[in-house]
Amino acid sequence: MQALSFEGKSLEYFRIWIVNILLTIVTVGLYYPWAKVRTNRYFYANSQLGGRNFEYHATGKQLFFGYLIAMGLFVLYTILQQISPILGLILFAAFLLALPWIVWRSMIFGLRMTSFSNVRLGFAGKLKPAYLNYLVLPVGLYILFFMLIGIMVFSMKYMSEAGMPIAPTVIVGVIMGLTTLVYSICALAYLKKRNTTYQLNGTRYGQGIFQTDIRVGPLLKYAFLGLFFGLIGFLLFSVVAGVIMSFFIDLGVLGAIGSSAVEDPGSIKMMLPVLMPIIAVIYLGLIFVIVLAGSYVISRQRTYIYDNTTLDSKISFASSLRARSLAWVSLTNLIAIVLPLLAAGVIFGIIQAAYGPGNVTAIILSAVLGLVTVFVAGLVFCWTKVRMARLMLTGTHVNTQVGFDQYVTEKQSQESSLGDQIGDAFNVDIGVGV
Amino acid sequence: MTMIQGKWHAQGSAAQQGANLTAHDGFYELEIENGERYQGAVADLHISDRLGNVERKITLDDHSIFATSDNDAIDKALQKPNSISGFIHRLESHMGWVVVGVFVTALFTFSFFKWGVPWASEKIAHALPQKTNELIALNTLKFLDKYLLSESTLSKARQKQIRARFFDSLVPLGSTRNSLKYKLHFRDWSNIPNAFALPSGDIILTDKFVELSKNQDEMDSVMLHEIGHVERRHSLQTLIESTFITVSIMLIIGDINFVGDMGVGLGSLLVSTAYSRDHETQADEFAFKKMLKAGIDPSSFSNIMNRMTKHVEGLSDKPKQKTDKGNTAKPDKKTKTKNDKDSFWDYLSSHPETSKRVHLANQYSACFKQGLTTCQLSPAD
């Protein structure tokens with residue numbers, strides 16, 4: 001087994017990134033496809049395995065027309081959505097209908113434009129299963145989800161209206177709530193299994209065929225463990241944060257806020273200075289716990305999927321991505337991105353308070369601050385991206401004993417980039433996990 | 001003459017062999033481990049663009065590939081000077097240029113949002129047919145009636161009197177296009193004094209507003225402000241502006257993660273509220289100019305503004321609802337900072353601070369008192 005490596009450097013990527021943004025801005029967006037190509041090329045070419053690397057082959061020209069159409073659709077969508085909420089809903093439905101097609105086209109285009117060691121990848125998945133996996137099943141499972149919620153709400157309402165005592169009503173509510181939660185986790189794991197199988201089994205490397213054989217059971221196990229750890233973590237966090245906060249905030253004040261809020265909901269606004277820190281702590285705690293539990297689920301499921309995937313039953317894969325490293329990198333990335341922006345906001349506030357907004361000194365200082373912020377935030381953003389890529393790739397292992405020498409590129413027809421660009425414009429996360 | 005070391009792939013094959021490339025006088029020679037040799041003109045080679053220090057691919061006539069990381073040697077021996085990609089690489093590789101890049105980017109972004117977007121939105125908004133305004137306001141009043149507003153309790157006679165004033169004096173004073181059909185509506189909005197305009201020319205006055213206005217001049221000033229919104233097509237502009245914001249942010253940030261989304265949300269809020277404040281100031285100025293023309297003292301506007309602010313501040317422990325649809329003349333119900341300097345939160349407000357609007361009104365009022373019908377304001381004032 002040999003690990004992939006990522007050779008990209010944050011500073012080098014930052015230079016590419018800032019020039020991309022610069023040219024995109026001064027060309028009023030027209031440069032964007034070329035910028036995207038440069039970014040992709042940089043990340044692909046720096047992903048290496050034993051002296052061989054990946055490559056991204058699409059050209060700006062190839063992406064351009066797909067990009068123009070996608071942009072036109074996006075502008076249209078943004079406008080129509082503002083004009084009328086009903087129209088927005090119809091457009092959203094239309095988008096859902098097109099989603100499987102977008103995913104399918106993106107897979108085909110993205111993989112065809114990718115090579116490893118001079119051999120192109122490809123996608124042989126069909127459109128029909130894409131509709132099953134990305135529309136029919138998700139929508140069906142959603143409907144069931146809302147039905148469960150509906151049953152919960154109605155049964156509780158019925159019980160309380162029928163004059164039942166509170167205790168059984170609450171018990172029924174809790175049971176129904178838990179059922180819904182369990183159902184959601186099962187549904188998500190099942191969808192994960194379907195989508196992963198569809199994407200991996202359709203992937204080709206030259207004449208080579210990827211094969212994956214995964215079951216819902218193990219995916220479900222990690223999802224449930226993740227949920228369990230998350231709940232325990234949040235409970236622990238709440239107790240610790242509660243104890244610490246009780247030193248600073250008088251519980252009587254909170255009680256008073258609560259009772260006055262019941263009488264007069266408007267009064268909550270007056271209490272914001274007291275409530276804001278509490279809400280902020282709870283929010284931060286939630287993010288913290290979600291990242292931890294999420295990292296656990298992602299890394300474990302990844303290990304399971306890689307262990308059960310082969311190329312032509314000869315080349316096997318493994319993941320050594322650990323939950324704690326993923327959580328560490330995700331959390332520190334998050335903090336690194338938020339901190340400079342927060343600091344800039346605070347400094348801006350101080351400048352404004354010290355000089356007043358019309359003041360020339362304030363304007364100059366704000367401009368300098370803006371420049372420094374773009375620089376620092378951009379640098380940090382590039383650093384987080386490079387860092388995450390390195391973590392993911394060094395956590396990916398390939399059995400290279402058989403070697404890749406016998407693989408050759410299959411004949412492929414030229415493909416349009418339209419689906420890929422629409423997916424890009426509307427932020428569809430295809431998420432092929434390397 | 002330098003020797004460039006690298007690897008060679010037959011067309012579409014993953015197998016690689018060591019290879020050396022030499023070039024001079026526009027010709028190259030490639031020697032492969034297995035003894036094969038390629039020769040030809042450098043001009044026939046396809047050399048991939050330089051990107052950081054990423055491996056370069058050189059495609060030969062028969063689609064076989066020579067790959068090498070020796071980027072500098074390639075640039076020296078093979079690269080045609082002054083190509084576009086060479087220019088982009090030079091931008092990327094000189095820190096000085098990167099700093100200039102940051103500077104130009106920041107400057108351009110700032111100017112784009114500060115002047116470009118409002119200017120383009122105004123031009124587009126006025127180039128579109130009046131039908132567009134009616135379209136975007138199609139169901140707004142119905143929606144408001146259903147969820148927020150109720151029937152006015154004002155007497156029919158009072159309504160009729162205000163309507164007469166509105167159509168006989170104010171519309172002819174403010175309207176520049178005959179195609180626009182103004183309508184005046186009276187509604188009750190649970191004790192909230194407000195007046196707002198829909199892009200279709202529907203202007204809505206709440207009962208509390210009518211009640212708080214002490215005289216016809218005050219009411220005129222606010223109605224002229226609303227006509228100003230309609231005439232300047234501010235609703236349509238807002239719509240175009242937010243389209244600009246969404247699309248350009250998507251372009252610049254691209255595939256940023258969810259933390260980025262929060263920053264983007266705050267950023268677009270800051271920008272769009274700044275535009276909204278500009279619109280309010282424009283509508284104020286519109287009203288003041290028309291008032292000078294009609295011989296109404298603009299200080300009436302500051303009087304009604306102050307009164308409404310005071311009323312809303314008195315309400316502040318009661319629950320309030322706010323609507324985003326339409327442009328409102330509602331005063332900002334913020335407590336002022338002690339030293340009268342603007343607090344950071346002003347940047348999040350959709351309306352300029354009442355004190356600023358009052359200040360502007362007083363400047364116009366000074367002109368009025370001198371008997372002028374136009375007013376030249378010094379910007380530093």
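Naming: A, B, ... by sequence-line order, numbering from 1 per chain. Keep in mind that this is a model prediction, so the values were computed, not measured.
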Exercise. Under the salt bridge (Lys or Arg N to Asp or Glu O under 4.0 Å) rule, collect the residues that match up with Glu55(B), sequence neighbours excluded.
Key: Lys7(B), Lys57(B)
Quiz item: If contact means a heavy atom pair closer than 4.5 Å, which residues of residues 367-378 of chain A contact chain B?
Solution: Leu371(A), Val374(A), Phe375(A)
Self-check item: Side chain, backbone, both or neither of Ala137(B) within contact of chain A (heavy atoms, under 4.5 Å)
Solution: neither
Quiz item: Of the backbone (N, CA, C, O) and the side chain (C-beta and beyond), which part of Val408(A) lies under 4.5 Å from a heavy atom of chain B, both, or neither?
Solution: both
Self-check item: OG1-CZ distance between Thr243(B) and Phe74(A), expressed to the nearest 0.5 angstrom
Solution: 9.5 Å
Practice problem: With a 4.5 angstrom heavy-atom cut-off, could you sort out which part of Phe14(A) is near chain B: side chain, backbone, both or neither? | Solution: side chain
Quiz item: Crowded around Gln17(B) CD? As in, over 12 foreign heavy atoms under 6.0 Å?
Solution: yes
Quiz item: With side chains defined as the heavy atoms from C-beta onward, is the minimum distance between Arg38(A) and Asp49(B) less than 4.5 Å?
Solution: yes
Quiz item: Measuring from Tyr13(A):OH to Leu51(B):CG, what's the distance to the nearest 0.5 Å?
Solution: 11.0 Å
Practice problem: Would you mind checking which part of Gln406(A) comes under 4.5 Å of any heavy atom in chain B, side chain (CB onward), backbone (N, CA, C, O), both or neither? | Solution: neither
Quiz prompt | Beyond-backbone contact of Ser48(B) with Arg41(A), side-chain heavy atoms, under 4.5 angstrom | solution = yes
Self-check item: Which portion of Ile350(A) sits near chain B, non-hydrogen atoms under 4.5 angstrom
Solution: neither
Quiz item: Listed by chain and number, what are the salt bridge (Lys or Arg N to Asp or Glu O under 4.0 Å) partners of Arg52(A), not counting sequence neighbours?
Solution: Asp405(A)
Quiz item: In Å and rounded to the nearest 0.5 Å, what is the CG to OG distance from Asn118(A) to Ser64(B)?
Solution: 9.0 Å
Self-check item: Distance in Å, Ile240(B) CD1 paired with Ile79(A) CD1, rounded so as to fall on 0.5 Å steps
Solution: 7.5 Å
Practice problem: Locate the shortest heavy-atom distance separating Gln16(B) from Ser117(A); write the atom from each residue and the value. | Solution: OE1-OG, 4.2 Å
Self-check item: Ile65(B) portion near chain A, given a 4.5 angstrom heavy-atom threshold
Solution: side chain
Quiz prompt | Residue part contacting chain B, namely of Tyr31(A), when any heavy atom lies under 4.5 Å | solution = side chain
Practice problem: Give, for atom CD of Glu12(A) and atom CG of Asn53(B), the distance between the pair rounded to the nearest 0.5 Å. | Solution: 5.5 Å
Practice problem: Please identify each residue that fulfils side-chain contact (heavy atoms from CB on, under 4.5 Å) with Thr400(A), with sequence neighbours left out. | Solution: Gln2(A), Leu49(A), Val398(A), Phe404(A)
